[in-house]
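Working notes for the structure below.
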Amino acid sequence: MHRRLTVAAAQMGPIQRAEGRDVAVGRMVALMEAAHRRGAEVVVYPELALTTFFPRWYEEDRAAADHWFETSLPSNETAPLFEAARRLNVAFHLGYAERTPEGRHFNTAVFVHPSGEIVLKYRKVHLPGHAEHDPQRRVQHLEKRYFEVGDLGFPVVRAPVGSAGPVNLGMMICNDRRWPEAWRVLGLQSVELVMLGYNTPSLNMENRGFEAHHLRVLHSHLSIQAGCYQNACFGVGVAKAGTEDGHEMFGHSIIVNPQGEIMAQATSWDDEVVVADLDLEVCRLGRETIFNFARHRRPEAYARITEQVGAVAPPEWTPAAKVRAEA
């Protein structure tokens, strides 16, 4: 038995600060149409896909950044994307900045059914960067200033998607991919397809030590490949890439299978669609053998993971001879 689903990673090139949402949405519709021509039933867009990566800009008055946030979906600006999905019968994942009716701010992603109904919402948990202007940094990374920590956990929903029928869907955003706890929480809900977008600089901007340029991409891929393998799921990691407002972000969007293999990869740092045919039944192999959680997990040994945040020093070893001498 096979459960086949064709997915597309819709990588986007840069969105400049002066460009409006209409420009971004127009490009996204073109990417969706290209993906549809290649048989895609699901299109995955990047993190903060509607605007430039605005957390690189410091605002003394935090409210001055509110114009980057969406207060509703669909909006007048995003309606063409929802209309294209309905016309093409394509589901999609969208990352954006969300401002709630209560005035709260989140880095958010949604999975949208072709009908336009929002099936699943996720708010980013692992916010990188800092909350105040840091003069040591070459570029600011102010996610902790503009966003709250996500309050929805890591939800998974089972919903009909394309020709595959019901699929167990989960989401992450950018930095979440580097935290194995996030993957495992999704894996414990039998996730089959993890969708995540990212805006990741090509260089480490903290200016506190050297990190080789090529390792930035390696670490991104390694995180996604390991997460998929260790939780027996497919993953779609999608970049916003290129030189945005003078700052370079890497592309290399990938689709990964439950064995941790890269099935498809973008080769540009611009708008690009890569497509892969998934057989969701392949998730069973890992889930029923080496990663059979019910059989092999030992949560009684993992208490430190939830009880502790920062790392602590281990106890010092004392040679037996010294113990006897001091007795």
Side-chain angles (χ1 to χ4, degrees), residues 1-10 31-32 35-36 38-46 73 81-82 84-86 88-95 108-123 152-173 176-177 182-197 224-225 227-238 253-264 273-289 291-294:
M1 174 181 168
H2 299 285
R3 292 167 54 224
R4 299 196 183 279
L5 181 68
T6 303
V7 301
L31 286 166
M32 181 178 286
H36 174 68
R38 296 172 62 181
E41 300 164 285
V42 175
V43 176
V44 182
Y45 294 107
L73 284 180
L81 184 62
F82 284 74
R86 190 176 299 110
L88 300 172
N89 195 32
V90 170
F92 66 96
H93 160 286
L94 173 66
T108 299
V110 290
F111 183 76
V112 182
H113 187 271
S115 67
E117 184 174 355
I118 293 176
V119 174
L120 183 64
K121 176 182 282 190
Y122 168 70
R123 291 168 172 161
L152 301 177
F154 292 95
V156 173
V157 68
R158 186 166 176 81
V161 183
S163 56
V167 179
N168 300 346
L169 303 165
M171 295 186 288
M172 298 183 189
I173 299 175
D176 291 321
R177 71 195 189 276
W183 289 95
R184 184 49 43 92
V185 171
L186 293 176
L188 286 168
Q189 299 172 80
S190 301
V191 72
E192 295 174 314
L193 176 61
V194 176
M195 297 163 283
L196 67 97
I224 298 171
Q225 291 177 262
C228 288
Y229 167 62
Q230 293 170 347
N231 295 280
C233 63
F234 289 90
V236 186
V238 186
S253 302
I254 53 174
I255 302 173
V256 177
N257 71 19
Q259 299 295 323
E261 295 177 296
I262 295 175
M263 304 175 69
V273 173
V274 294
V275 175
D277 296 321
L278 317 185
D279 181 1
L280 298 168
E281 286 299 301
V282 174
C283 297
R284 288 183 176 273
L285 177 62
R287 197 159 288 162
E288 294 177 356
T289 57
F291 295 113
N292 184 324
F293 294 157

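For the salt bridge (Lys or Arg N to Asp or Glu O under 4.0 Å) test, no residue two or more places apart in sequence or in another chain qualifies with Arg158. Residues meeting the side-chain contact (heavy atoms from CB on, under 4.5 Å) test with Tyr229, sequence neighbours left out: Ile290, Phe291. Arg287 meets the salt bridge (Lys or Arg N to Asp or Glu O under 4.0 Å) test with no other residue; sequence neighbours excluded. In this structure Phe234 satisfies the ring pair (Phe, Tyr, Trp, His ring centres under 6.0 Å) test with no other residue, sequence neighbours excluded. Residues satisfying the side-chain contact (heavy atoms from CB on, under 4.5 Å) criterion with Ser163, sequence neighbours excluded, are Glu41.
In this structure, Arg123 CZ and Leu152 CG are separated by 4.5 Å, a value rounded to the nearest 0.5 Å. A distance of 11.0 Å separates CG of Asp176 from CE of Met171, quoted to the nearest 0.5 Å.
Nearest heavy atom pair, residue Ala232 against residue Cys283, reads O-CB, 3.3 Å. Scanning all heavy atoms of the two residues, the minimum distance from Val273 to Arg38 falls at O-NH1, 2.9 Å. Minimum heavy-atom separation, Ile173 to Ala109: CD1-N, 3.7 Å. Between Ala276 and Ala264, the shortest heavy-atom contact is CB-CB, 4.5 Å. Shortest non-hydrogen contact noted between Ala9 and Val238 is CB-CG2, 3.6 Å.
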Scan the side chains in residues 183-191 for donor-acceptor partners under 3.5 Å anywhere in the protein, sequence neighbours excluded, and list what turns up.
from   : atom 1 : to     : atom 2 : distance (Å)
Trp183 : NE1    : Arg177 : O      : 3.1
Arg184 : NE     : Asn231 : OD1    : 2.8
Arg184 : NH2    : Gln230 : O      : 2.9
Gln189 : OE1    : Val156 : N      : 3.4
Gln189 : NE2    : Phe154 : O      : 2.8
Gln189 : NE2    : Val185 : O      : 3.0

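Contact annotation: the side chain of Leu196 approaches that of Ile224 to within less than 4.5 Å [non-hydrogen atoms, C-beta and beyond]. Side-chain atoms of Val90 and Pro114, non-hydrogen and from C-beta on, never get closer than 4.5 Å to each other. Phe82 is listed as a side-chain neighbour of Leu73, based on a closest heavy-atom distance under 4.5 Å. Counting heavy atoms from C-beta outward, Val112 and Val119 have side chains that stay 4.5 Å or more apart. Between Leu120 and Pro155 there is a side-chain heavy-atom pair separated by less than 4.5 Å. Contact of the Glu261 side chain with the Val256 side chain is not registered, since no non-hydrogen atoms from C-beta on lie closer than 4.5 Å. Under the 4.5 Å side-chain criterion, counting only non-hydrogen atoms from C-beta, Asn168 is not in contact with Leu193. Val44 has its side chain within reach of Val42: a pair of non-hydrogen atoms, C-beta onward, lies under 4.5 Å apart.
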**Prompt:** Does the side-chain contact (heavy atoms from CB on, under 4.5 Å) test come out yes or no for Met32 and Leu81, once each step is laid out?
**Reply:** CA-CA 9 Å; Met32 181 178 286; Leu81 184 62; 3.8 Å; yes
**Prompt:** Checking side-chain contact (heavy atoms from CB on, under 4.5 Å) for the pair Leu280/Val167: CA distance, chi angles, key distance, verdict?
**Reply:** CA-CA 8 Å; Leu280 298 168; Val167 179; 3.5 Å; yes
**Request:** Test side-chain contact (heavy atoms from CB on, under 4.5 Å) on Leu278 and Met263 and set out the steps.
**Result:** CA-CA 9 Å; Leu278 317 185; Met263 304 175 69; 3.9 Å; yes
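For CZ of Arg86, the number of neighbouring non-hydrogen atoms (other residues, nucleotides, ligands) closer than 6.0 Å is greater than 12.
A donor-acceptor distance shorter than 3.5 angstrom exists from the side chain of His93 to the backbone of Tyr45, with no hydrogens or angles considered. His113 contributes a side-chain N or O that, together with a main-chain N or O of Ser115, makes up a donor-acceptor pair within less than 3.5 Å.
By the 4.0 Å N-to-carboxylate-O rule, Glu192 lies close enough to Arg3 to be salt-bridged with it.
Between the side chains of Asn292 and Glu288, no donor N or O sits under 3.5 Å from an acceptor N or O.
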